[in-house]
Trainee: 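Dropping a structure here in structure tokens format, bear with me for questions.
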Number of protein chains: 2
Amino acid sequence: MTVTIKDVARRAGVSPSTVSRVLSGHPRISAETSRKVKSIMEEMGYHPNIMAKSLVSKTTNSICIILPKPAEELFSNLFFMELIRGIVTQASRSGYDVLISSGATEKEELEAVSRLLKGRRVDGAILLYSRKDDAVIDFLKDNGYPFVLVGRSDKYDDILSVDTDNMLAAYDATSHLISMGHERIGFVSGPPNLIVSRDRLEGYRKAMEHNGLELKSEWIVEGEFLQDSGYRAMSFFMNLPSRPTALVVVDDIVSFGVLRGLNELNYTVPADLALVSFNNIPLSELSTPPISSIDIGIYHLGYTASQILIQTIQKQANEPGCTNRFIIPHRLIVRESSMYSPGKK
Amino acid sequence: MTVTIKDVARRAGVSPSTVSRVLSGHPRISAETSRKVKSIMEEMGYHPNIMAKSLVSKTTNSICIILPKPAEELFSNLFFMELIRGIVTQASRSGYDVLISSGATEKEELEAVSRLLKGRRVDGAILLYSRKDDAVIDFLKDNGYPFVLVGRSDKYDDILSVDTDNMLAAYDATSHLISMGHERIGFVSGPPNLIVSRDRLEGYRKAMEHNGLELKSEWIVEGEFLQDSGYRAMSFFMNLPSRPTALVVVDDIVSFGVLRGLNELNYTVPADLALVSFNNIPLSELSTPPISSIDIGIYHLGYTASQILIQTIQKQANEPGCTNRFIIPHRLIVRESSMYSPGKK
DNA sequence: TATGCTTAAGCAAACGTTTCCATAAGGAGG
DNA sequence: CCTCCTTATGGAAACGTTTGCTTAAGCATA
């Protein structure tokens, strides 16, 4: 039924080894044989069996993306699609296939990963935004599997990772508001177990301190990466006796929730409350008003993660002393939501 | 290094075949042997080599998703992420892995598909929204590979597909506007080579005709699934001497563009122009005003596609006479963007 | 007691590659 | 003319499974 290397060999009057060598561009194959075998492969419609190849070479030319545990919430985010797009594009350029894996629980997730890696179905893994203490990282590290973390681990600093400098990004976002004349600035954070939430919070704190501004604990609220969290944060802030005049918000989606709430209460942005958030998803510029956002180059993050992982798998970049933390630069996109100086009121 | 079936066999004092049979739950294995082998597998940390298994069983327990050619544009859409999420969730429940594949050009795409299927890396494929004339469909059909199309083919009606009844959906959307009292209704379409664009256009036409309303060709504009297209369509419509009072828009993203444009020109929705669009992405309800949209159950589409594909692969549902076109029901979500009756002006 | 059936397990081939080792032919050097 | 090296190719083992065929033992039946 399917045509194998042996069929080609028989038809070409050579041995299977020769065909295999033609396939892999072995130097000691005569030009003539190579030409003949290739034309016969073409003619017979030969396609190498990837499984057989993998079995003997112990390499699969594929990697997997491990989606974070609460995939149901986060997955539907534009953010992840963009990341995946970057990964898939780069991997495909390097001749690698990409497998998507997710599990409902941490246990399931670990099972999936261990099945894929131990079962030798993939050569390495890309982890998207791990929690503070991540069993999957421990698993990968303990077993010496190649992997790259998109994000940052606070437990290990010797693992390969691609990340935004979230502390600096939050520092920049906050500084921007301060430079616009804001002094009472609040912060809407994400789940406290995500490192990204903590880093951004820290950057906000530093910026406030460096500028000698008061850091009220009631001006910091935690939530999820969901619009509802923004909605709730907004009502909390607006009911405060002493309210902030501006907000740094941990994610654009959350900003949408804030915006909707303010809208319902007939407040206007940025006059009543200025906003800056993170990730610059395509819709940030479409909302009314458009939201100022820190663009973190999501596609680029994914692209780079894939590149580094594949290099590692191919052992091209394993020189000790090499850097293992790659920072993708961010930049602030100023839009209407932060174009207001409270001093000029 | 890695522990194989033979290692387990040796340690358990049985033959490799016996271990294999324990693994697959063969009936003729004594309870005692099974227990012993299982405990030894556990103890030694045995994981089956998926490649070896695939090689002999000629089955990979994985499927691939083929993203449409202009992936760069469409990929970043919430829409695709939601679809993928449905597919991955279902596949994972059925014990299947999911591979994502995309190509920059149609040729690359075809190469990728043929490598995956002919190379026996996957058992089947899910195609997302093909063009009118799709070489990939021909390839899959000609070679008899199991595949499911999310969307509709106008060339073949005997291929497995999961789809929205887009004609009916557009009919419903248009009827809704008509029932609100609109008579001058325009249509913003997508790329004319996408079947979904044509079906929705057709549904709009039918609804207009059935209600005896005038169908002006200048009230139909084509574009991409991009906000820019909406923006352009809006300026076209608003400069018309006789403008529509309502628009049916082929995708929510496009509606965002319309909305932004109207906003800039200080028109209000729905008073100056009512809107209904399709797909009901999460942000539709967050815009100002929230957009009425046809929810087509994207996750459900993906989930069902995966289910059907895997059933087909496993030959469980191959009885002839079975339906091969699965329709996922849609429903109209009415929001502020269409809550206005022009008659009551 | 001989026969046949059932159950539990082993042997070995097969899946489609890659790759180490061997070999044959041709040419250069002595 | 013999030896040795180079170049092109073939043979066969190995990768880790699954599975059809075989075998051995235990037991019931005639």
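Order of the sequence lines fixes the chain letters, A, B, ..., with proteins taken first and strands second; residue numbering starts at 1 for each chain. Values below: all heavy atoms of this structure, side chains included; hydrogens, waters and symmetry mates excluded. Bear in mind the structure is a predicted one, so any value in this text is a computation, not a measurement.
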Trainee: Can you name the salt bridge (Lys or Arg N to Asp or Glu O under 4.0 Å) partners of B/Glu108, sequence neighbours left out?
Mentor: none
Trainee: Check side-chain contact (heavy atoms from CB on, under 4.5 Å) between A/Ile50 and all other residues, then give those that pass, not counting sequence neighbours.
Mentor: A/Ser54, B/Arg115, B/Arg121
Trainee: Roughly what angle, to 10°, lies between the helix axis at the start of the helix from C/dT1-D/dA30 to C/dG30-D/dC1 and the one at its end, five pairs per end?
Mentor: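 Inter-axis angle at the ends, rounded: 60°.
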Trainee: With sequence neighbours left out, write down each residue that passes side chain to side chain donor-acceptor pair (under 3.5 Å) with A/Ser92, or none if nothing qualifies.
Mentor: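 In terms of side chain to side chain donor-acceptor pair (under 3.5 Å), with neighbours along the sequence ignored, A/Ser92 is linked to no residue.
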Trainee: Identify, with sequence neighbours excluded, every residue that meets salt bridge (Lys or Arg N to Asp or Glu O under 4.0 Å) alongside B/Asp123.
Mentor: none
Trainee: In chain order, what residues pass the salt bridge (Lys or Arg N to Asp or Glu O under 4.0 Å) check against A/Asp158, with sequence neighbours excluded?
Mentor: A/Lys141
Trainee: Which heavy-atom pair separates B/Ser161 from B/Val148 by the least distance, and what is that distance?
Mentor: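 It is CA-CG1, 4.3 Å.
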Trainee: How close do A/Leu149 and A/Ile159 get, heavy atom to heavy atom, and via which atoms?
Mentor: CD2-CD1, 4.1 Å
Trainee: Can you pull out every salt bridge (charged side-chain N to carboxylate O under 4.0 Å, His left out) where at least one residue sits in residues 2-21 of chain B? Sequence neighbours excluded, please.
Mentor: B/Asp7-B/Arg10, B/Arg11-B/Glu43
Trainee: Using the test side chain to side chain donor-acceptor pair (under 3.5 Å), find all partners of B/Thr33 that sit at least two apart in sequence or belong to another chain.
Mentor: B/Ser30
Trainee: So where does chain A start and stop touching DNA chain D, 5' to 3', when the test is distance under 4.0 Å to a non-hydrogen atom?
Mentor: D/dT7 to D/dG16
Trainee: Going by number, which of residues 49-63 of chain B have a non-hydrogen atom under 4.0 Å from DNA chain C?
Mentor: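 Of all residues in residues 49-63 of chain B, the ones placing a heavy atom under 4.0 Å from DNA chain C are B/Leu55, B/Val56, B/Lys58.
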Trainee: Looking at residues at least two apart in the chain, or sitting in another chain, which of them share a salt bridge (Lys or Arg N to Asp or Glu O under 4.0 Å) with B/Arg325?
Mentor: B/Asp163
Trainee: Rounded at 0.5 Å granularity, tell me how far CD1 in B/Ile100 sits from CD1 in A/Ile87.
Mentor: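 Interatomic distance, B/Ile100 CD1 to A/Ile87 CD1, rounded to 0.5 Å: 10.0 Å.
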Trainee: Please state how far atom NZ in B/Lys118 lies from atom P in C/dT17, giving the value in whole angstrom units.
Mentor: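 Taking NZ of B/Lys118 and P of C/dT17, I get 13 Å after rounding.
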Trainee: Give, ordered by number, those residues of residues 8-39 of chain B having at least one heavy-atom distance below 4.0 Å to an atom of DNA chain C; if nothing qualifies, reply none.
Mentor: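 Result for residues 8-39 of chain B: B/Gly13, B/Val14, B/Ser15, B/Ser17, B/Thr18, B/Arg21, B/Arg28, B/Ile29, B/Ser30, B/Thr33, sorted by number.
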Trainee: Taking A/Thr60 for its side chain and A/Ser62 for its backbone only, find out whether a donor-acceptor pair lies under 3.5 Å.
Mentor: yes
